[in-house]
Amino acid sequence: MQHDKDSKATFYTCSCFSTDNIFLEEFKLHVRFLSEHQFRSDYQAVLRNLGCSTDAEFKDILKKIEKEVERRRSLGVKSAERAAAIKEIYKPLHDHVYHLHESYMAPEFKQMVDYCRSDEASKEGLLSLMQTEAAARVFRFPVFKKIFCDELIEEMEHFEQSRSPKGRPNTMNNYGILLNELGFDEGFIIPLREQYLQPLTSLLYHDCGGCYLDSHKAFMVKYDMHEDLDLSYHYDNAEVTLNVSLGKEFTEGNLYFGDMRQVPLSETACTEVEHKVTEGILHRGQHMHGALPISSGQRWNLIVWMRASQERNKLCPMCNKRPTLVEGEGFADGFTSDLGMSLLQNV
């Protein structure tokens, strides 16, 4: 297996990836599937209460789940195949958007990053430069200039209309683009994470891996009146998440935040956070959240799930157990072996 020259470690996936947190869209339910017997025992009564009233309907759900488990097991191979095909046949519309440049950044974002790099940087000083939200430890600030957001969306639409193969970001978003397959990691997302976001997260989220964000998964999602309108309540497979609203024109569609994933929804009061074009919302990955429906137009979002192997190696955030490692491609799901941990700690 190859070592990523930027990551200084080999990354792995937890074996639970194929079986845990499978989202059933029609029931707004995340499930685990190890076998038909286990699934019936754990979920048949729950699904019956949610409207799955016949055995035929239940068997249809089983078929969908088995198909999803198989998709996940072959994901690394299929993703690598798509990336190779895209590199071969796709001709970008805007070559420059694949390489991060400071001229793309909003002045407010650059000011925050410069402050975090300074000797006098403190969490209190950083908070004075950004907007805090009513939801705990959720922050909003301008990230990119509008002209760059427009060009990035144009590139995504150009790719959508091409004959290149396309993979969906996850089981909850049916419309979007995996940015590593399109070639954005090395020139754009890695510098964004390492040079611009980690100075902020080191101050804001030092207790949950913000100082050690050594991998990521980045993708675009699209909300449209004829496609996905919203996003159900969930948590991310990440230590820290950045969600940037790129455009286009839309109404409604605010994000909402509850509590951390360990707190039941029945004990949670949710808080809305307005999502404005060019602005990013930064939050802990385990903070439960969702997106309300847009009521008109179309919205594109850049999502960066940032991961700290130093944290997730202790406890997988998806199965809540010590991870059982399975080889993966690229950054995989951000786990490292003991050797990988030693490398990271000595950097």
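Worth saying up front: this structure is predicted, and the values here are computed from it rather than measured.
Scanning for side chain to side chain contact (heavy atoms under 4.5 Å, CB included) contacts around Gln44 gives Arg40, Arg48, Asp55, Phe58, with sequence neighbours left out. Taking the side chain to side chain contact (heavy atoms under 4.5 Å, CB included) definition, one finds that Gln161 meets it with Glu157, sequence neighbours left out. For Tyr196, there are no ring pair (Phe, Tyr, Trp, His ring centres under 6.0 Å) partners, not counting sequence neighbours. Partners of Leu203 according to the side chain to side chain contact (heavy atoms under 4.5 Å, CB included) rule, which considers only residues two or more places apart in sequence or in another chain, are Cys116, Ala121, Leu126. In this structure, Tyr212 has no ring pair (Phe, Tyr, Trp, His ring centres under 6.0 Å) partners at least two apart in sequence or on a different chain. Annotation: side chain to side chain donor-acceptor pair (under 3.5 Å) contacts of Lys146 (sequence neighbours excluded): Asp150. For Ser79, the side chain to side chain donor-acceptor pair (under 3.5 Å) partners two or more places apart in sequence, or in a different chain, are Glu181. Contacts of Trp300 classified as ring pair (Phe, Tyr, Trp, His ring centres under 6.0 Å), with partners at least two apart in sequence or in another chain: none. Residues satisfying the ring pair (Phe, Tyr, Trp, His ring centres under 6.0 Å) criterion with Tyr90, sequence neighbours excluded, are His158, Phe159. With sequence neighbours left out, Ala135 forms a side chain to side chain contact (heavy atoms under 4.5 Å, CB included) with Val138, Phe257, Thr271, His287.
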Salt bridge (charged side-chain N to carboxylate O under 4.0 Å, His left out) evaluation trace for Glu68 with Arg168: CA-CA 12 Å; Glu68 173 60 20; Arg168 60 176 174 162; 3.2 Å; yes
Take Phe141 and Leu200 through the side chain to side chain contact (heavy atoms under 4.5 Å, CB included) test and state the conclusion after the steps. CA-CA 12 Å; Phe141 48 88; Leu200 277 67; 3.9 Å; yes
Begin from the C-alpha positions of His283 and His289 and carry the test ring-ring contact (aromatic ring centres under 6.0 Å, His included) through to its verdict. CA-CA 10 Å; His283 62 87; His289 61 285; 4.5 Å; yes
Take Phe11 and Phe335 through the test ring-ring contact (aromatic ring centres under 6.0 Å, His included) and record every step on the way to the result. CA-CA 5 Å; Phe11 289 92; Phe335 301 93; 9.6 Å; no
Go through the steps to decide whether Glu70 and Lys67 satisfy the test salt bridge (charged side-chain N to carboxylate O under 4.0 Å, His left out), and finish with yes or no. CA-CA 5 Å; Glu70 181 56 35; Lys67 183 178 180 181; over 6 Å; no
Salt bridge (charged side-chain N to carboxylate O under 4.0 Å, His left out) assessment of Glu160 paired with Lys166: CA-CA 8 Å; Glu160 268 198 326; Lys166 301 164 184 73; over 6 Å; no
Please lay out, stage by stage, how Phe139 and Ile281 fare under the test side chain to side chain contact (heavy atoms under 4.5 Å, CB included). CA-CA 6 Å; Phe139 309 100; Ile281 293 175; over 6 Å; no
Go through Asp20 and Val31 one step at a time and tell me if the side chain to side chain contact (heavy atoms under 4.5 Å, CB included) criterion holds. CA-CA 6 Å; Asp20 287 37; Val31 299; over 6 Å; no
Decide yes or no on salt bridge (charged side-chain N to carboxylate O under 4.0 Å, His left out) for Arg140 and Glu133, but give the supporting numbers first. CA-CA 7 Å; Arg140 178 157 58 93; Glu133 296 294 334; 2.9 Å; yes
Kindly determine whether Tyr235 and Met260 satisfy side chain to side chain contact (heavy atoms under 4.5 Å, CB included), including the steps that lead there. CA-CA 8 Å; Tyr235 64 92; Met260 300 303 284; over 6 Å; no
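The number of heavy-atom neighbours closer than 6.0 Å to NE2 of His94, taken from other residues, nucleotides and ligands shown, is above 12. Atom NZ of Lys63 sits in a sparse spot, with 12 or fewer heavy atoms from other residues, nucleotides or ligands closer than 6.0 Å. The environment of NZ in Lys321 is sparse: at most 12 heavy-atom neighbours from other residues, nucleotides or ligands sit within 6.0 Å. Within a 6.0 Å sphere centred on NZ of Lys59, heavy atoms belonging to other residues, nucleotides or ligands number 12 at most.
The six-membered or imidazole ring of Phe188 lies away from that of Tyr98, with a centre-to-centre distance of 6.0 Å or more. Two rings, from Phe331 and His216, have their centers less than 6.0 Å apart. Taking the six-membered ring where the residue is Trp, the centroids of His30 and His234 are separated by 6.0 Å or more. Two rings, from Tyr223 and Phe250, have their centers 6.0 Å or more apart.
Aromatic ring orientation, Phe148 versus Tyr104: parallel (interplanar angle below 30°, classes split at 30° and 60°).
Linking Ile, Leu, Val, Met, Phe, Trp and Tyr residues whenever their side-chain heavy atoms come within less than 4.5 Å leaves Trp305 and Leu255 in two separate clusters. A continuous path of hydrophobic side-chain contacts links Ile153 to Met105 [ILVMFWY only; heavy atoms under 4.5 Å]. The hydrophobic cluster containing Val143 also contains Tyr115, counting ILVMFWY residues as joined when their side-chain heavy atoms lie under 4.5 angstrom apart, directly or transitively. The same ILVMFWY cluster, assembled from side-chain heavy atoms under 4.5 Å apart, contains both Val113 and Leu129.
With a 6.0 Å cutoff to the six-membered ring centre and a 45° limit on the axis angle, Arg137 does not count as a cation-pi contact of Tyr205.
Residue Met156 forms a side chain to side chain contact (heavy atoms under 4.5 Å, CB included) with just one option from Leu179, Leu246, Leu93, and that option is Leu179. Remark: of the listed residues Asn237, Leu213, Val240, Asn237 is the sole one forming a side chain to side chain contact (heavy atoms under 4.5 Å, CB included) with Arg307.
Chaining together hydrophobic side chains whose heavy atoms lie under 4.5 Å apart leaves Ile147 on its own. Listed by chain and number, the hydrophobic cluster partners of Leu34 come to none, as no ILVMFWY side chain reaches under 4.5 Å of it.
Using a 4.5 Å heavy-atom threshold, the side chains of Cys16 and Thr324 count as separate.
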